[in-house]
Structures are given as structure tokens and as C-alpha cells.
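Have a look at the structure below, then the notes.
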Protein chains: 2
Amino acid sequence: MNNYTDTLRKHNLKATPQRLAITDSLCMHGHMSIDALYDVMIKKFSSISLATIYKNINLMLENAFIQEVKLPNLKTVYELTKHSHSHIMCEKCGKINDITLDLKAIVNTVSSLENFEISKADLVLSGVCKNCA
Amino acid sequence: MNNYTDTLRKHNLKATPQRLAITDSLCMHGHMSIDALYDVMIKKFSSISLATIYKNINLMLENAFIQEVKLPNLKTVYELTKHSHSHIMCEKCGKINDITLDLKAIVNTVSSLENFEISKADLVLSGVCKNCA
DNA sequence: CTGACTGCAAACGTTTTGCACGGTA
DNA sequence: TACCGTGCAAAACGTTTGCAGTCAG
């Protein structure tokens with residue numbers, strides 16, 4: 001289990017129980033929508049407010065602790081920032097896996113072809129997982 | 001210029017001026033957010049309602065005339081459905097280009113690796129375009 | 001002890017819904 | 001003419017903001 005106490009303090013943010021529970025939840029579940037996060041949080045903090053979750057998610061986005069993943073059809077989910085990676089998603093059960101792909105070749109090709117300086121490649125593959133097939 | 005009169009009728013949808021203006025706008029502009037579409041439409045139909053735009057966009061999505069493109073940081077945009085393709089986006093000016101890439105190799109690799117039946121690959125490259133550099 | 005954080009309530013922006021009128025086929 | 005589509009208004013969501021009380025450092 002990751003502990004974000006120090007990371008938060010390094011960014012001059014207080015390591016409140018609510019914040020640590022958010023990073024813990026993301027660490028455990030991998031990818032979570034705001035709703036899913038709220039469902040988990042309310043069990044630990046019976047009077048937590050959605051406002052607190054939004055405020056902290058936005059703060060953590062600004063400080064790059066976490067990242068947003070926009071998915072086709074589904075709600076946006078959030079994940080702890082780690083090495084750059086792509087996602088594969090099951091359209092039936094909603095399961096999301098990380099996959100590490102080397103997209104350098106594609107990026108280079110497109111970069112020269114389109115005259116763009118590309119800094120990021122967001123790839124989401126969708127389909128049906130083994131269990132749902 | 002594409003004409004969607006027949007396409008609409010084939011799906012038992014009436015070819016109203018508003019609907020044709022939506023497909024025309026998307027054809028001309030390529031990718032549009034709801035706001036951008038509204039701005040264009042209000043010039044042709046001074047009393048058009050946002051509700052009409054939403055209803056028609058949703059109808060066209062259901063009938064697969066158009067597709068949703070979720071972009072990092074930006075609002076979702078819509079485009080006429082054509083051959084499968086990826087997108088490249090300028091983070092400075094917001095310009096979006098279509099690019100045709102062969103992702104078969106990647107899809108096949110991931111497919112067997114993750115035991116997924118992959119049906120779709122949504123790729124958005126972000127960076128800075130020549131003009132903004 | 002002090003400033004930052006939480007939780008509440010209200011505000012705000014976006015999308016959807018219900019309904020009466022108008023237009024397409 | 002019959003019914004579908006439009007436009008309006010209101011409702012329903014999702015997210016943000018302001019503020020008073022509380023807590024981390």
C-alpha cells in the first residue's frame with residue numbers, strides 16, 4: 001500500500017484522513033469514478049461531503065498525484081499517476097486494465113507527418129474480456 | 001457537402017432543417033462541441049433551443065450517424081461517422097485533425113496478451129501544432 | 001495557535017424531460 | 001391528417017463555491 005503522507009506534505013498539503021483514504025482507495029481499486037470513490041469513502045467517513053471529494057480530486061490533479069482517464073460511454077475515472085500507459089476496457093463489465101505499450105513508432109510517424117510536437121498519447125482499447133465472452 | 005436527407009429517412013427520422021443543419025455543420029467543421037454547434041445553429045435558427053440540439057445529437061449517436069470524441073481537458077466533441085481513425089489535438093489552439101493509423105499490430109498483441117476481444121481503439125495524440133510552436 | 005480542510009447549503013452549468021404548438025411526409 | 005419534431009420552461013444532474021466550525025502541523 002502506497003502512503004501519500006509525505007507526498008502531500010511536500011506539496012504543502014495537509015495529510016488529512018480523507019485525503020489518505022482517497023489515495024488508498026485509488027491504490028486498491030486502480031481506477032475509480034467520483035461515484036465509486038464516494039461509495040467507498042462514505043463507509044469510512046459517514047458524513048463526508050461530495051464537495052470534499054471534488055475539492056481533493058481537483059487538488060490532486062493539479063499536483064499531478066492522480067490522472068483523469070476519459071472512457072468511451074463510461075464516466076471519467078481517476079488513477080494514481082504512474083509510468084505512462086494505455087488502458088483496455090471491457091464494454092460488458094466495465095473492468096479496466098493498464099497496459100504498457102510502446103507507441104514511440106506511431107508518435108514519431110505522426111509527429112513528422114502532421115508537423116506536431118506530440119507530448120502525450122491517450123489510448124483506450126475497448127472490447128469484451130475473457131470472463132464476459 | 002454530404003446530404004443526410006435520405007440517411008435520416010432510412011432510419012425513420014424526419015429530415016428537418018434543424019437536423020440537416022447539424023450534419024452540414026459537422027461536415028464543414030469536422031469536430032464540434034455542443035457549444036460550438038449551438039453558436040453556429042443559432043445563426044440559422046434564431047429561436048433554436050439547446051434541447052433540440054441535445055435531442056438530435058443523442059438521436060444521431062444512437063443511430064450511429066455521428067460519434068463522440070472525448071478529449072483530455074477539453075469538452076467532448078462530435079463528428080460524422082466515417083472510416084475508423086485516430087485524432088491529434090493541439091493543446092494550444094484546440095485544433096483537431098483526423099489521422100489514419102494502422103493499429104492492427106497493437107490490437108493483436110494486446111488481444112492475445114490480455115485475453116480480450118478488442119473491437120475498438122480510441123487514440124488521441126496531444127501536442128503543439130506547427131502554427132502554435 | 002493558526003491557517004488549511006471539512007461539511008453543509010446554496011449556486012452554477014449542463015443535460016434531460018414534459019408539454020403545447022408547428023411542420024414533415 | 002397524423003404524428004414526429006421543435007421550442008419553451010422546469011426539472012434533474014453533476015460540479016463548484018462560500019462560509020462557519022474543526023483539525024493538522
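Lettering of chains follows the sequences in order, A, B, ..., and the numbering in each one begins at 1.
At distances below 3.5 Å, at least one donor-acceptor pair connects side-chain atoms of A/Thr109 with backbone N or O atoms of A/Ala105. Panel note: side chain B/Arg19, backbone B/Lys14; a donor-acceptor pair is recorded below 3.5 Å. Judged purely by atom type and a 3.5 angstrom limit, A/Thr5 has no side-chain atom pairing as donor or acceptor with the backbone of A/Ala15.
At a threshold of 4.0 Å, the pair A/Lys70-A/Asp122 does not count as salt-bridged, since none of the basic side-chain nitrogens sits closer than that to a carboxylate oxygen.
In terms of polar N and O atoms assigned as donor or acceptor, the side chain of B/Lys75 never comes within less than 3.5 Å of the base of C/dG13 in a complementary pairing.
Residue A/Ile42 contributes atom CD1, which lies 14 Å from atom P of C/dT6 at whole-angstrom precision. Spacing between atom CZ of A/Phe45 and atom C1' of C/dC8 amounts to 17 Å, rounded to whole angstrom units. Here the C1' atom of nucleotide D/dC23 and the CG atom of A/Leu20 are 14 Å apart, to the nearest Å. Atom CD1 in A/Ile34 sits roughly 18 Å away from atom P in C/dT14 (whole-Å rounding). Atom CG of A/Leu59 is separated from atom P of D/dT17 by 12 Å (rounded to the nearest Å). Atom CG in A/Asn12 sits about 15 Å away from atom P in C/dG3, given to the nearest Å. Atom CG of B/Leu8 is separated from atom P of D/dC4 by 15 Å (rounded to the nearest Å). Rounded to whole Å, the distance from CG on A/Leu50 to C1' on D/dT17 is 14 Å.
Minimum atom distance to the side chain of B/Lys14 is reached by C/dG23, of the listed C/dG23, C/dT16, C/dC5. The nucleotide whose nearest atom lies closest to any side-chain atom of A/Lys55 is, among D/dT17, C/dA25, C/dC5, D/dT17. Of the candidate nucleotides D/dG5, D/dG25, C/dT17, D/dG5 has the atom nearest to the side chain of B/Thr16.
Residues B/Ala51 and B/Thr5 both approach DNA chain C. Their nearest nucleotides, taken by heavy-atom distance, put B/Ala51 toward the 5′ side. When each of B/Pro17 and A/Arg19 is assigned the nucleotide of DNA chain C with its nearest heavy atom, A/Arg19 is the one assigned upstream, toward the 5' end.
Taking only side-chain nitrogens and oxygens, A/Gln18 comes nearer than 4.0 Å to OP1 or OP2 of C/dG7. Close to C/dT16, at under 4.0 Å from its OP1 or OP2, lies a side-chain N or O of B/Asn58. Phosphate contact (OP1/OP2 of C/dC5, side-chain N/O of A/Thr52, threshold under 4.0 Å): absent.
How far CG of A/Asn56 is from CG of A/Leu13: 8.5 Å, rounded to the nearest 0.5 Å.
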